[in-house]
Amino acid sequence: MADHDPSHVALLADSLRQLETQQGSPHPREAYGFRRSGVATPLTPANPESTTPPPHSSDNLVPDPNGLGWPAKSTISRLNATADEKLAREKKLSEAVRSILECIGEDPDREGLLRTPERYAQALMWMTRGYEERLADVINDAVFAEDHDEMVLVRDIDISSLCEHHLVPFTGKVSRTVYIVVFIPRTCCLSQIAIAYIPNKLVLGLSKLARIAETFSRRLQVQERLTKQIAIAVQEAIRPRGVAVVMEATHLCMTMRGVQKPGSITVTSCMLGCFRTQQKTREEFLTLMKSR
């Protein structure tokens with residue numbers, strides 16, 4: 001420790017202080033890394049013609065005292081559910097799946113479908129488990145003071161997600177840099193992510209980059225929002241010089257239904273900090289991202 005720059009030690013101490021439990025708060029690391037009332041799912045006013053603030057106004061955001069990051073209206077009840085409440089939730093979901101089977105013309109009582117409602121209910125709860133994950137717990141104190149100012153790149157991280165419009169998978173690649181850029185395809189199918197960043201005195205455990213992407217992908221998503229959530233989460237966790245997220249995805253809602261265009265790719269991006277202001281930084285990332 002004697003060889004460490006005092007400024008780096010001070011930064012580490014500051015980050016650790018943010019991880020401590022707030023006085024009187026039942027939740028550890030309450031404010032660490034993420035907004036207390038994070039950029040959450042907006043509440044739409046009952047009267048569209050009212051003079052109340054627009055849906056994106058901070059006055060209409062779902063409060064986020066648990067550090068979940070963009071919680072929806074029912075996220076807290078799921079997070080705090082007891083064992084009995086979880087069973088009741090799965091039973092209710094199973095009954096809904098049985099109704100779906102009947103509506104599409106199937107017989108939910110035939111041998112092959114007898115346990116399908118229960119299986120699907122359990123599978124859907126698992127595929128959306130990101131609603132039960134607190135971002136402070138995901139990071140789990142893995143923030144370190146380090147005198148490294150060159151790009152760190154992690155590629156080919158597999159993830160999966162569900163499109164919230166049709167509840168079908170989307171797949172793709174994410175390349176992320178802190179400076180961060182991410183490529184993620186839009187499906188509940190397999191996706192790959194590449195992550196790179198340039199630290200600003202603090203580094204994040206490599207596995208935590210993948211875990212942040214995993215947490216947000218295990219919720220009902222649209223590619224545009226998922227791209228921004230990953231970028232902002234990393235930015236707020238370690239305050240790097242900049243964050244860039246580029247997501248490239250193939251959506252099953254476009255390939256197996258509707259327009260039915262296999263091979264079509266959707267690309268979205270979110271640039272923060274130096275990635276937005278410095279062209280050379282963006283070019284360096286894109287070059288490293290494509291190299292093999």
Side-chain angles (χ1 to χ4, degrees), residues 4-19 29 31-36 38-39 64 67 69-70 133-157 159 173-184 193-217 224-247 268-291:
H4 285 190
D5 188 315
S7 64
H8 298 165
V9 175
L11 280 169
L12 177 57
D14 181 65
S15 70
L16 291 176
R17 280 194 296 271
Q18 295 183 64
L19 296 172
R29 304 189 296 280
Y32 172 62
F34 304 93
R35 302 170 186 174
R36 293 168 184 250
V39 182
D64 188 20
W70 294 271
E133 296 178 349
R134 297 179 67 247
L135 291 168
D137 295 331
V138 170
I139 292 178
N140 195 26
D141 303 357
V143 177
F144 311 100
E146 188 63 45
D147 186 18
H148 182 78
D149 58 2
E150 301 296 334
M151 188 176 296
V152 179
L153 176 64
V154 180
R155 298 186 304 198
D156 301 330
I157 301 172
I159 65 163
K173 296 181 179 179
V174 177
S175 294
R176 200 154 22 107
T177 313
V178 179
Y179 302 45
I180 275 189
V181 179
V182 185
F183 275 88
I184 303 181
I193 301 176
I195 300 173
Y197 72 93
I198 298 178
N200 183 18
K201 306 301 183 181
L202 294 176
V203 298
L204 190 62
L206 294 178
S207 68
K208 304 309 176 183
L209 297 174
R211 290 186 182 277
I212 289 173
E214 179 76 6
T215 292
F216 286 117
S217 68
E224 297 84 349
R225 184 172 65 239
L226 179 56
T227 305
K228 180 175 290 187
Q229 286 179 338
I230 294 171
I232 293 178
V234 175
Q235 176 70 24
E236 294 188 347
I238 57 174
R239 305 295 181 183
R241 298 181 186 179
V243 178
V245 177
V246 177
M247 185 175 297
T268 55
S269 67
C270 178
M271 304 290 174
L272 305 175
C274 60
F275 260 108
R276 178 180 290 271
T277 60
Q278 299 178 12
Q279 180 178 352
K280 288 186 177 180
T281 301
R282 293 193 300 271
E283 291 176 348
E284 178 186 3
F285 167 77
L286 295 173
T287 299
L288 291 175
M289 187 184 66
K290 295 175 182 177
S291 64

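Quick caveat, the model's predicted, so the values are computed rather than measured.
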Close side-chain approach of Phe216 to Leu135, heavy-atom, < 4.5 Å: yes
I need the Leu204 CG to Arg211 CZ distance, nearest 0.5 Å. 11.5 Å
Minimum heavy-atom distance between Leu226 and Ser217, given as atom pair plus value: CD1-N, 3.9 Å
Search all heavy atoms of Pro199 against all heavy atoms of Glu150 and return the closest pair with its distance. CD-O, 3.4 Å
Measuring only between side-chain heavy atoms, which start at C-beta, is Asn200 closer than 4.5 Å to Ile238? no
Is Tyr197 reaching over with its side chain to a backbone N or O of Val234, donor-acceptor style, under 3.5 angstrom? no
Do Asp149 and Arg241 have side-chain heavy atoms sitting under 4.5 Å apart? yes
Quick one: do Leu202 and Glu146 satisfy side chain to side chain contact (heavy atoms under 4.5 Å, CB included)? Show the steps, please. CA-CA 6 Å; Leu202 294 176; Glu146 188 63 45; over 6 Å; no
Please give me the minimum heavy-atom distance between Ala237 and Ile139, naming the atom from each residue. CB-CD1, 3.6 Å
Is there a donor-acceptor contact under 3.5 Å from the side chain of Arg134 to the main chain of Gly67? no
Euclidean distance, Leu272 CG relative to Gln235 CD, rounded to 0.5 Å: 5.5 Å
Closer than 3.5 angstrom, by distance alone: can the side chain of Arg282 be matched with the main-chain N or O of Arg276 as a donor-acceptor pair? yes
Identify the two heavy atoms, one from Val138 and one from Lys208, that lie closest to each other, and give their separation to 0.1 Å. O-CD, 3.3 Å
Output for pair (Ile230 CD1, Cys270 SG), nearest 0.5 Å, gives 10.0 Å
If you count every heavy atom of other residues, nucleotides or ligands that lies below 6.0 Å from Gln279 atom CD, does the total exceed 12? no
